[in-house]
Amino acid sequence: MPYFVALFVVLIWGTTFVSSKVLLNSGLLPADIFFVRFVMAYCCMLCISHKRLFANSVADELTLVGLGLMGGSVYFLVENMALLHSTASNVSILVSTTPLVTAMLLAIFYKSERLSMRQIFGSILAFVGVVLVVLNGQFILHLNPLGDALALGASFTWGFYSLFMRRIMGRYSADFITRKVFFYGLVTILPYFAFVNPLNIDLLTSGNMTIWSNLIFLGIIASTGGYLLWNWVMRKLGAVKSTNFIYLQSLVAMVAGHVILGERITFMAIAGAVILIAGMILAVRKKRSKA
């Protein structure tokens with residue numbers, strides 16, 4: 001069951017790239033999109049989880065702040081800043097190192113989360129498949145040191161999100177953690193609006209149905225449902241196995257881009273998809289029990 005839920009979440013998250021692209025083309029900035037979707041998600045989670053306000057200790061509450069930063073404001077800002085300074089292909093490939101970065105961080109802090117040689121090979125194979133899917137027939141990559149460093153930084157922020165989640169997920173319910181992630185994600189994005197770019201009120205109050213239909217999808221389905229289910233999956237599968245499913249986002253984004261935006265799919269991308277799936281199976285498959 002957790003595997004199917006993980007696939008479902010990745011399917012949703014993979015299509016968010018298309019919705020975000022529509023909103024960006026409409027004039028919204030990445031921070032605007034993040035703020036509205038997290039406001040919607042927090043309001044939804046407040047209806048579901050409102051009995052407990054704080055964690056049991058200051059240390060746990062600070063861990064929840066870290067989750068809001070790493071899985072919310074910092075992750076989205078760093079990833080989108082990377083797109084301003086580098087190409088979409090570079091960013092997509094570097095962000096796809098997230099499962100490898102996560103496995104590395106967890107292996108450093110938790111011996112029980114260390115990967116077997118089969119899982120390491122599967123993860124690397126899946127990453128190669130992601131690279132082929134993202135390139136999609138284009139063999140030229142242009143190095144952009146600042147943008148590429150930011151994209152790699154986005155991978156590390158999600159890796160730390162998984163690390164913090166590993167520390168706290170056994171002590172609190174998924175709905176409580178998810179609600180706190182949205183809350184602290186919103187709190188920590190406010191300085192950006194105060195000192196960098198103010199919230200685009202005009203576009204958000206225009207009543208544009210294209211804008212609001214995509215925002216509702218991102219806020220209610222992708223954020224509320226996605227984060228809630230993903231935190232549950234991490235509890236069931238562990239941080240390493242669940243994060244490996246993120247490799248599939250590029251495959252979902254490729255298919256969604258073809259169906260909705262008419263983007264082409266090359267033989268190279270199809271080959272990459274096959275390699276990606278094969279690597280995923282190796283990376284998440286359970287070890288055979290010894291007789």
Side-chain angles (χ1 to χ4, degrees), residues 9-10 13-14 16-17 20 29-35 37-38 41-42 60-86 88 90-110 113 123 127 130 134 144-169 177-193 196 218 222-223 226-228 230-231 233-234 238-250 253:
V9 174
V10 170
W13 283 355
T16 60
F17 292 103
S20 296
L29 294 175
D32 301 328
I33 300 169
F34 166 80
F35 182 77
R37 67 185 285 186
F38 264 48
Y42 179 70
D60 286 353
E61 194 69 25
L62 289 175
T63 300
L64 292 166
V65 175
L67 285 170
L69 279 166
M70 298 296 104
S73 56
V74 173
Y75 176 80
F76 281 92
L77 285 177
V78 170
E79 184 181 57
N80 286 286
M81 284 171 64
L83 287 169
L84 295 176
H85 297 283
S86 186
N90 285 31
V91 173
S92 297
I93 290 172
L94 289 168
V95 169
S96 294
T97 62
T98 297
L100 293 174
V101 170
T102 301
M104 179 189 71
L105 290 172
L106 288 166
I108 292 172
F109 291 96
Y110 297 98
E113 294 282 5
S123 294
F127 177 68
V130 168
V134 171
N144 302 277
L146 177 58
D148 294 345
L150 286 168
L152 192 58
S155 289
F156 273 89
T157 59
W158 193 263
F160 278 107
Y161 176 85
S162 300
L163 189 64
F164 292 152
M165 185 63 72
R166 172 67 173 75
R167 179 186 180 278
I168 205 171
M169 62 185 180
I177 295 173
T178 305
R179 192 195 83 219
K180 299 292 279 189
V181 168
F182 293 143
F183 175 75
Y184 284 121
L186 288 170
V187 170
T188 53
I189 196 69
L190 294 179
Y192 176 87
F193 292 124
V196 183
L218 292 174
S223 292
Y227 273 76
L228 186 61
W230 188 255
N231 291 340
V233 166
M234 288 186 71
V240 174
K241 279 188 178 181
S242 56
T243 306
N244 271 310
F245 280 89
I246 292 177
Y247 283 126
L248 293 174
Q249 280 194 42
S250 59

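Below, all heavy atoms of this structure are taken into account, side chains as well, without hydrogens, waters or symmetry copies.
Note that the CG atom of L105 and the OG atom of S162 stand 8.5 Å from one another [nearest 0.5 Å]. Of the inter-residue distances, the one linking R166 atom CZ with S242 atom OG reads 11.0 Å to the nearest 0.5 angstrom.
Residues satisfying the ring-ring contact (aromatic ring centres under 6.0 Å, His included) test with F160, not counting sequence neighbours, are none.
Only one option out of T178, L186, V181 pairs with Y42 in a side-chain contact (heavy atoms from CB on, under 4.5 Å); it is L186.
Y161 has its ring centre less than 6.0 Å from the ring centre of W158.
The nearest pair of heavy atoms linking Y75 to T157 is CD1-OG1, 3.1 Å. Between S73 and T188, the shortest heavy-atom distance links the atoms OG-OG1, 2.6 Å. Closest non-hydrogen pair, E61 versus K180, comes out as OE2-NZ, 2.7 Å. Of all heavy-atom pairs spanning L218 and R37, the tightest one is O-NE, 3.7 Å. Between T102 and G159, the closest heavy-atom pair is OG1-CA, 3.4 Å. Shortest non-hydrogen contact noted between M70 and F164 is CG-CE1, 3.7 Å.
Ring orientation note: the planes of W230 and W13 are tilted relative to one another, at an angle of 30° to 60°.
Put simply, the side chain of L64 reaches to within 4.5 Å of the side chain of I168, judged on heavy atoms. Side chains of L77 and I189 form a contact here, defined as non-hydrogen atoms less than 4.5 Å apart. Counting heavy atoms from C-beta outward, F35 and L190 have side chains that approach closer than 4.5 Å. Contact annotation: the side chain of F182 approaches that of S223 to within less than 4.5 Å [non-hydrogen atoms, C-beta and beyond].
Here the side chain of Y227 pairs a donor or acceptor atom with the backbone of G71 at under 3.5 angstrom.
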Please assess M165 against L67 for the test side-chain contact (heavy atoms from CB on, under 4.5 Å), listing each intermediate value before the final yes or no. CA-CA 7 Å; M165 185 63 72; L67 285 170; 4.1 Å; yes
